[in-house]
Amino acid sequence: MSNTAYKLIKIMRREVLRIATKPMYLFCMIIAPLLCYVFFATLMSNGLPTDLPAGVVDLDNTSTTRNIIRNLDAFQQTKIVAHYTSVAEARKAVQRGDIYAFYYIPEGTTEETLASRQPKVSFYANYSYLIAGSLIYRDMRTMSELAGGAVGRATLYAKGATEDQAMAFLQPIVIDTHAINNPWLNYSIYLCNTLFPGVLMLLIFMTTAYTLGTEIKENTGKELMALADNSIVTALVGKILPQTLVFFIMATFHNIYLYGFMHFPCHGGILSMILAGLLLVLASQAVGIFFYGLFGSMRLALSAASLWGVLSFSISGFTFPVMAMHPTLQALSNLFPLRHYFLLYVNQALNGYPIIYAWHSVVALMLFLLLPFFVLKKLRLIMETYEYLP
């Protein structure tokens, strides 16, 4: 066994002992990722929220309006839980959080409909809860259009029009929609495949900065450098490698869980996503090392790591397309490892393209591994000379 390998084993054994004796490592490396996996997987287990509570203000109260309400209640995302006598009463229910939205049918709606006088119905949604408000608003709008079409069709039938003539008048252009890669429109497929690695990346950022900072806090930096024979590269590799193994296991676990047990689409094969998870783990650790070497303070490094990790969720492109962002933000998105992992997920898991079409994302994640080399000199200075002052 070479001298360098012997030093690495000694440092790794030391790091494993530190991990095993400090609950913080156990929580950040195993418990927290597992809790997040379980939380998000069960939160969206049905793909989209169902039976969201909504109310109705039906001042017309005819068989036609009651039929509209029954049909609205039949939508998967909407559940009519209360009837109110006035808009003011329904508005207060929304403000209390009893319902997310309400559907308002004014008096005389049926009479005006039969007389072809274009009655107006209203629906109010609480967009403080973006997903719930959007889903119920969509159901209410769809129900209004269907109700209007049904009345128009009945009127055309009464005037002697055939079914083909009536449908050609009501819907002159028929839209044939085919959702590719996610035909179930399961929001959980988009959410979990980015939130799982995103949370793991954030924890890696912070754990890496924390584990380097504790060497100074506990005044053990000189001991670490002595074990590495004053080689900062040997010290970093030996110290980070055990965490790399644990985080890679967690990344592999969430890929197997999503694609093997939950059967999410993975057209490019699970092996490619496992390799993408390994690249994300290594890139995230490199960013954590860079932050600590850049600031030289555990407090500042943890703050920067948490900020960079949280921003990743907004700028990676899974909630809002990067191509629609300002050109400055489009360029900035390349500085976040999660962005490149997301592109690998879209290309490999959703579209099933060969890896050659995503080579730029692979190269980008590998380029993050160069970041620690920019701060090696300062990291060595920190470990050899810095002392923690409480």
Legend entry - Path from Leu294 to Leu332 over hydrophobic side-chain contacts below 4.5 Å: yes
Inset, instruction - Mind checking the CG-CG spacing from Leu344 to Leu350? Nearest 0.5 Å is all I need. - result: 12.0 Å
Legend entry - Leu26 vs Ile31 side-chain heavy atoms within contact, under 4.5 Å: yes
Inset, instruction - Using atom types as modelled and distance alone, determine if a side-chain donor or acceptor of Thr207 lies under 3.5 Å from a backbone N or O of Ile204. - result: no
Legend entry - Side-chain donor-acceptor pair present, Asp58, Thr65, cut-off under 3.5 Å: yes
Inset, instruction - Would you indicate whether Tyr129, at its atom OH, is surrounded by more than 12 heavy atoms from other residues, nucleotides or ligands within a distance under 6.0 Å? - result: no
Inset, instruction - Kindly say whether Asp51 contributes a backbone atom to a donor-acceptor pair with the side chain of Gln77 at under 3.5 angstrom? - result: no
Inset, instruction - State, with a plain yes or no, whether a side-chain heavy atom of Met140 is found less than 4.5 Å away from one of Val121. - result: no
Inset, instruction - Kindly compute the distance separating CD1 (Ile68) from OH (Tyr103), expressed to the nearest 0.5 Å. - result: 5.5 Å
Inset, instruction - Look at the side-chain heavy atoms of Ile, Leu, Val, Met, Phe, Trp and Tyr, link any pair under 4.5 Å apart, and say whether Val281 and Leu34 land in one connected group. - result: yes
Inset, instruction - Check whether Phe248 and Leu203 end up in the same hydrophobic cluster, where Ile, Leu, Val, Met, Phe, Trp and Tyr are linked by side-chain heavy atoms less than 4.5 Å apart. - result: yes
Legend entry - Distance (rounded to the nearest 0.5 Å) between Ser314 OG and Phe336 CZ: 9.0 Å
Inset, instruction - Find out whether Phe75 and Ile136 are in side-chain contact, i.e. whether some heavy atom of one side chain is under 4.5 Å from a heavy atom of the other. - result: no
Inset, instruction - Ignoring hydrogens and angles, tell me if any N or O in the side chain of Ser284 forms a donor-acceptor pair with the backbone of Phe205 under 3.5 Å. - result: no
Inset, instruction - Would you indicate whether the side-chain heavy atoms of Tyr100 and Leu135 approach each other to under 4.5 Å? - result: no
Legend entry - Closest approach of Pro337 to Ala283 (non-hydrogen atoms, all atoms of both residues): CB-CB, 4.3 Å
Legend entry - N/O donor-acceptor pair under 3.5 Å between Gln76 side chain and Thr50 backbone: no
Legend entry - Validation row: Leu329, Phe320 side chains within 4.5 angstrom (heavy atoms): no
Inset, instruction - Report, as yes or no, whether the 6.0 Å neighbourhood of atom CD on Gln95 holds more than 12 heavy atoms from other residues, nucleotides or ligands. - result: yes
Inset, instruction - Could you state whether Val38 and Leu258 fall into the same hydrophobic cluster, counting links through intermediate Ile, Leu, Val, Met, Phe, Trp or Tyr residues with side-chain heavy atoms under 4.5 angstrom apart? - result: no
Legend entry - Stepwise side-chain contact (heavy atoms from CB on, under 4.5 Å) test for Lys79 and Asp73: CA-CA 5 Å; Lys79 182 175 180 61; Asp73 188 48; 3.9 Å; yes
Inset, instruction - Any chance you could lay out the side-chain contact (heavy atoms from CB on, under 4.5 Å) test for Leu376 and Leu236, step after step, and finish with the verdict? - result: CA-CA 9 Å; Leu376 283 181; Leu236 283 177; 3.6 Å; yes
Legend entry - Asn67 side-chain N/O to Ser63 backbone N/O, donor-acceptor pair under 3.5 Å: no
Legend entry - OH on Tyr210 to CE on Met298, rounded to 0.5 Å: 6.5 Å
Inset, instruction - Provide the closest heavy-atom pair for Ile11 versus Thr234 in the form atom of the first, atom of the second, distance. - result: CD1-O, 3.8 Å
Inset, instruction - Compute the ring centroids of Tyr84 and Phe102, then answer whether they are less than 6.0 Å apart. - result: no
Inset, instruction - Give the ring-plane orientation class for Tyr137 versus Tyr127, where under 30° counts as parallel, over 60° as perpendicular and anything between as tilted. - result: perpendicular
Legend entry - Tyr257 and Phe196 aromatic ring geometry - parallel, tilted or perpendicular at 30°/60° bounds: parallel
Inset, instruction - Report the C-alpha separation of Asn351 and Val346 in whole Å, then their side-chain angles, then the decisive distance to 0.1 Å, and conclude whether the side-chain contact (heavy atoms from CB on, under 4.5 Å) test is met. - result: CA-CA 6 Å; Asn351 296 325; Val346 171; 3.5 Å; yes
Inset, instruction - First locate atom CG of Leu338, then atom CE of Met201, and finally report the distance between them rounded to the nearest 0.5 Å. - result: 5.0 Å
Legend entry - For Ala41 against Met262, the heavy-atom pair lying closest together: CB-SD, 4.2 Å
Inset, instruction - Indicate if Leu245 and Leu17 have the same hydrophobic cluster label, given that clusters are the connected sets of ILVMFWY residues with side-chain heavy-atom separations under 4.5 angstrom. - result: no
Inset, instruction - Consider only side-chain N and O atoms of Ser231 and Asp229, and report whether a donor and an acceptor are under 3.5 Å apart. - result: no
Inset, instruction - Provide the closest heavy-atom pair for Tyr345 versus Ile189 in the form atom of the first, atom of the second, distance. - result: OH-O, 3.3 Å
Inset, instruction - Work out which heavy atom in Ile240 is nearest to a heavy atom in Gln285; give both atom names and the distance. - result: CG2-NE2, 3.1 Å
Inset, instruction - Decide yes or no for Met383 and Ile216: does some side-chain heavy atom of the first lie under 4.5 Å from some side-chain heavy atom of the second? - result: yes
Inset, instruction - Verify the distance criterion only: is there a donor paired with an acceptor across the side chains of Thr78 and Asp139 at less than 3.5 Å? - result: yes
Inset, instruction - Please check if atom CD in Glu111 has more than 12 non-hydrogen atoms from other residues, nucleotides or ligands closer than 6.0 Å. - result: no
Legend entry - Pairwise side-chain contact, Arg14 with Lys239, heavy-atom cut-off 4.5 Å (strictly under): yes
Inset, instruction - Using atom types as modelled and distance alone, determine if a side-chain donor or acceptor of Asp60 lies under 3.5 Å from a backbone N or O of Thr62. - result: no
Legend entry - Tyr341 and Asn193 side chains, donor-acceptor separation under 3.5 Å: no
Legend entry - Note, Val57 side chain near Glu89 side chain (heavy atom, < 4.5 Å): no
Inset, instruction - Of all the heavy-atom pairs spanning Met143 and Asn71, show the shortest one and how long it is. - result: SD-CB, 3.4 Å
Inset, instruction - Starting at NE2 of His340, measure out to CG of Leu335 and round the result to the nearest 0.5 Å. - result: 7.5 Å
Legend entry - Arg66 atom CZ, neighbour heavy-atom count above 12 within 6.0 Å: yes
Legend entry - Name of the residue among Lys22, Gln243, Arg18 meeting side-chain hydrogen bond (donor to acceptor under 3.5 Å, both in side chains) with Thr211: Gln243
Inset, instruction - Kindly indicate, with the supporting measurements, whether the criterion side-chain contact (heavy atoms from CB on, under 4.5 Å) is fulfilled by Met250 and Tyr37. - result: CA-CA 10 Å; Met250 300 308 298; Tyr37 296 169; 4.2 Å; yes
